[in-house]
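The basis for the numbers below is simple: all heavy atoms, side chains too, and nothing from hydrogens, waters or symmetry mates. Small disclaimer: the values here were computed from a predicted structure and weren't measured.
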Amino acid sequence: MATFQSLPGFREFYPDDLSRRKHIFDLWRRTAHAFGFAEYDAPVLEPLELYKAKSGDEIEAQLFSFTDKGGREVALRPEMTPTVCRLVGARASALKRPIKWFSIAEFYRYERMQKGRGRCFFQFNADIFGEPGPEAEIELIALLTQCLAAFGLTEQDFHVRLSDRNLWFYYLEALGLDEPRIRAVLGAVDRFEKYGDDAFKGYTEQFGELEAGVKAKVLAFLQIKTLAALEATLATLGSEKLVARLADWRKLLAGLEAMGLARFIAVDLGVVRGLAYYTGFVFEAFDRKGELRALAGGGRYDDLVEKLGGPALPAVGFAIGDMTFALLLEQRGLMPAFVQAPDVYCVIGGEAGRRAAFADIHALRAAGHRVDYPMKEVAFGKQFKAAADSGAKLALIYGDDELAKGVVKIRDLTDRTEHEVPRDQAVAAVRDFFSAG
RNA sequence: GCGGUCAUAGCUCAGUUGGUUAGAGCACAAGAUUGUGAAUCUUGGGGUCGCGGGUUCGAGUCCCGUUGGCCGCCCCA
C-alpha cells in the first residue's frame, strides 16, 4: 500500500480514464465550435471575495479556501460563472455581440462525496452575453441538447426541463402574494418533488399556513406540461407582465421546435434552481429514468455581471458536469474504450535491423506518424503479437532477409497482406498508405 | 456537519467455531518459440490482510479507535 494517497474526493486519471474524459471533452468542444462559441479559460485560483459577492458569506464553507503567502484570501474556483462575468464585464464594450463563449475546466468544492459528485469535477460551461430576448435561450438549449445527443443519447435517454422564475413571480404576484412570500413559495416548489407537502413547512413557519385556494393553484401550476395549459391558466389573470412573458415562451418553444428539438423539451415548472441569481428562464437536463442527479443546469442571470462590478449586461448560461454525464454514458453503453494505437509498429531482427529501422522510425515520426517498436530484442513471434495488440495498422519488418535484399517488408495488419518495398522508399510508402486511407 | 456500510495482490474476489508458511482467476513479466497475430503449457514478480491499539498461547478472522471508499441526509452555485 502506498504511503501517500490522493486527497479525499480527488480523482486520478490513468491513461484509460483520461481517454474517456478526452472523448467527452473533444465532443463537447467540437459541438460548441459548431454552434459558433469561442473557447476561453481563466485562473483556477480566485479571490475568495468573488464568490462571496455572488453567493453570500455562507458559501465559504463549501469552498477550498485559504490565505496565501501574501495574506490574500483565495479559493479554488467552485464554478465558472463569476469568473466569466468578470472577463466579459471587463471588456464588454469592445466585444462583438452576441458574445458566445464556452469553457471546459476543473472545479473544486469542499463537499461530501456522493454518486455523481466529488470534490473536484469538470464542467462544460456555455454562456451568451448581451442578448436579453429568448433567442439566447434557444441557442443555448439547442447547444445543451446537442452536447448530450452528440454521444448517441436520444430523447429516450434525457430531457430538458424548462421553467421560468419570472413566470412564477408574476403568477404569484397576480395571486396576491408579496415578495417575501413569493420567495418562500418558490422555496417550497423547489422541494416539492422530493418532500411533497412537507415542502411547505418552511413557508408555514415563516408566514403561517398558505391560504388553501392559493396553494391549490400553486400545485396545479406545478402539474402544467404544455404551453397551451400554461396559456389557459394565465389568460384569465389579466396581467400585462404575464401576457408579455407568454410571448417569450411562445418564441422560445417555437424556436426549439423549428430546430427539431421539441422532443427533448419538457415544460416543467417544478424546476426553480435554488433562489440564487437566476432572473428568467431556467432549465435542467435529467436522465429520463430519473436515477441520476441533474446532468446539466442553467438559466438567465441578467443582473450578475453588474453585481460583480461590470456594466449592466444580460446573460444566459448553463453547465454540464462530467461525473453524472459519464455515469449515464456508461449505463447506456455509449462510452467507447479508447486505446492509444500507433499507426505503425516496427518488427526488428538484430542490431543491423535495428539501425536500419531507427532511420525510418525517426523520419516517420518527424512526418507526424505514430510509430512504435520493441525496445529490446524480442522473438519475432512476440513482436507480431505485440504489433497486433498495439492496434497499429501497419507493421514494418526489418529482418536479416529484408536487409540482405535491401527492402523493408510492409504488412497490413488489418487484412494480413504484405509486400516489400526498397529501403529508401519505405517512408514514402507509409505516407502514401495513410494519405490514401 | 450527520447516518449506514465496507476495506485481503494492479483488478474481481475466496479465506471454515480464531490455528502455524494468506490463496484463485484476470492482468503483467520470462520461457517453451530468433520469421508472422486473439491458443496452449511452464515459471515468475507482486501483500507489513487500510492504519493504530486491545483480547488471546496464537488475530486476515473478535473488540475499540482512526483513515479512506461507497451509499444516503444537509447542501447543490
> In whole angstrom, give the distance that lies between atom CZ of A:R11 and atom P of B:C70.
11 Å
> Examine A:R97 relative to A:F129 and say whether NZ or CZ is less than 6.0 Å from the centre of the six-membered ring and inside a 45° cone about the ring axis.
no
> Determine the interatomic distance between C1' on B:G18 and the same-named atom on B:A22; round to the nearest Å.
15 Å
> A:K115 has an atom NZ; how far is it from atom P of B:G72, in whole Å?
7 Å
> If you measure from the Lys or Arg side-chain nitrogens to the Asp or Glu carboxylate oxygens, is any gap between A:R300 and A:D302 under 4.0 Å?
yes
> Between B:G72 and B:G10, how many Å separate the two P atoms, rounded to a whole number?
28 Å
> With a 3.5 angstrom cut-off on both distances, give the Watson-Crick or G-U wobble partner of B:A14, or none if there isn't one.
none
> Using whole Å, report how far CG of A:D190 lies from P of B:C75.
10 Å
> For B:A7, which nucleotide in any strand shown is its Watson-Crick or wobble partner with both distances under 3.5 Å?
B:U67
> Tell me which of A:M113 and A:E284 sits closer to the 5' end of RNA chain B, going by the nucleotide each one is nearest to.
A:M113
> Rounding to the closest angstrom, what is the interatomic distance between B:A59 and B:G54 at atom C1'?
11 Å
> Do the side chains of A:D248 and A:R245 get close enough for a salt bridge, i.e. N-O under 4.0 angstrom?
yes
> What interatomic distance, in whole Å, is found between P of B:C73 and the corresponding atom of B:A27?
39 Å
> Report the distance from atom CZ of A:R119 to atom P of B:G68, rounded to the nearest whole Å.
8 Å
> Could you pick out which residue, A:R293 or A:L7, lies toward the 5' side of RNA chain B when each is mapped onto its nearest nucleotide?
A:L7
> Between B:G72 atom P and A:E111 atom CD, what is the distance in whole Å?
14 Å
> Is there a Watson-Crick or G-U wobble partner for B:C73 with both distances under 3.5 Å, and which nucleotide is it?
B:G1
> Fit a plane to each ring of A:F124 and A:F318, take the angle between them on a 0 to 90° scale, and name the class: parallel (under 30°), tilted (30 to 60°) or perpendicular (over 60°).
tilted
> Rounded to the Å, how far apart are A:Y14 OH and B:C28 C1'?
15 Å
> Using whole Å, what does the distance between atom C1' of nucleotide B:C76 and atom CD of A:Q123 come to?
11 Å
> With a non-hydrogen cut-off below 4.0 angstrom, is A:G56 in contact with a base, only sugar-phosphate, or nothing?
nothing
> Is A:R161 paired with A:E193 through a side-chain N to carboxylate O contact shorter than 4.0 Å?
yes
> Whom does B:U36 pair with, Watson-Crick or G-U wobble, provided both distances fall under 3.5 Å?
none
> One character per nucleotide, please: for nucleotides 29-38 of chain B, 5' to 3', B when the base has a protein heavy atom closer than 4.0 Å, S when only the sugar-phosphate does, - otherwise.
--B--SBBBS
> State whether A:D68 and A:R72 are salt-bridged, where the test is any N-O pair (Lys NZ or Arg NE/NH1/NH2 against Asp/Glu carboxylate O) under 4.0 Å.
yes
> Within the structure shown, what part of the strands sits under 4.0 Å from A:R77 by heavy-atom distance: base, sugar-phosphate, or nothing?
nothing
> Relative to each other, are the rings of A:F358 and A:Y373 parallel, tilted or perpendicular (30° and 60° limits)?
perpendicular
> Let's test this: given Watson-Crick or G-U wobble pairing with both distances under 3.5 Å, identify the partner of B:U42.
B:A30
> Please tell me which of the listed nucleotides, B:G69, B:C73, B:C75, lies nearest to the side chain of A:P8?
B:G69
> Please give the distance between the P atoms of B:A39 and B:G50 as a whole number of Å.
34 Å
> Please report the distance separating the C1' of B:G1 from the corresponding atom of B:G19, rounded so that it comes out in whole Å.
44 Å
> On a plain distance test, is the side chain of A:R273 in donor-acceptor contact with the base of B:A77 below 3.5 Å?
no
> Distance between the P atoms of B:U20 and B:U55, in whole angstroms?
22 Å
> Does any nucleotide pair with B:G58 by Watson-Crick or G-U wobble geometry, both distances under 3.5 Å, and what is it?
none
> Between the base of B:C75 and the side chain of A:R117, is there a donor and acceptor pair under 3.5 angstrom?
yes
> For the base of B:C75, is there a side-chain donor-acceptor partner from A:R112 under 3.5 Å away?
no
> Suppose you measure atom P in B:G3 against the same atom in B:A77; what distance do you get, rounded to whole Å?
26 Å
> Looking at A:R183 and A:E179, is there a salt bridge between them, counting it only when a charged N and a carboxylate O are closer than 4.0 Å?
yes
> Does the distance from a Lys or Arg side-chain N to an Asp or Glu carboxylate O, for A:D389 and A:K385, drop under 4.0 Å?
yes
> Rounded to the nearest angstrom, tell me the gap between atom NZ in A:K194 and atom C1' in B:C73.
8 Å
